[in-house]
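Here's the structure we're looking at; comments come further down.
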Amino acid sequence: MTSTRTRGPATGFAEARIAAEQAEAVQQRAAARRVAEHSHDAGDCRELLLMLGLTTSDLPAGGARE
């Protein structure tokens, strides 16, 4: 006999929150990459990221042009 568990509202909420956080992280990395692609130098990139509330940790290695 197999046991079936019903998912409670808390489980559904937790899963939705995790999915939303993952989607936000993807969007932040994409935004940081776009900023890095169009920045004049590392200082410009850093300043623009700060304006957007992003950090350089959102960038892949070697993100900004020197």
Side-chain angles (χ1 to χ4, degrees):
M1 177 184 250
T2 58
S3 145
T4 31
R5 289 181 149 180
T6 57
R7 291 179 15 174
T11 303
F13 177 79
E15 290 173 352
R17 182 165 184 151
I18 289 168
E21 288 173 355
Q22 289 171 339
E24 182 181 12
V26 168
Q27 290 177 340
Q28 288 175 341
R29 284 191 301 272
R33 275 193 305 271
R34 181 63 56 150
V35 168
E37 290 170 359
H38 296 284
S39 297
H40 298 290
D41 56 28
D44 185 42
C45 181
R46 190 172 22 263
E47 187 175 330
L48 291 168
L49 289 173
L50 286 172
M51 286 182 199
L52 293 172
L54 302 172
T55 64
T56 55
S57 65
D58 295 314
L59 287 173
R65 294 178 300 192
E66 292 292 329

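This one's a predicted model, so the numbers in the text were calculated from it and none came from an experiment.
- Taking both residues in full, the closest heavy atoms of Leu54 and Ala31 are given as CD1-CB, 3.9 Å, listed atom of the first, atom of the second, then distance.
- Scanning both residues, Ala36 and Cys45, for their nearest heavy atoms gives CA-SG, 3.9 Å.
- The local environment of CD in Glu15 is crowded, with over 12 non-hydrogen atoms from other residues, nucleotides or ligands closer than 6.0 Å.
- Put simply, the side chain of Leu52 reaches to within 4.5 Å of the side chain of Val35, judged on heavy atoms.
- With values rounded to the nearest 0.5 angstrom, Gln22 atom CD is found 12.5 Å from Gln27 atom CD.
- Ionic pairing of Arg17 and Glu21 is present here: one or more N-O contacts between side-chain nitrogen and carboxylate oxygen are shorter than 4.0 angstrom.
- With rounding to the nearest 0.5 Å, the separation of CZ in Arg33 from CD in Gln28 is 12.0 Å.
- Taking each heavy atom of Arg34 and His38 in turn, the nearest pair found is O-CD2, 3.1 Å.
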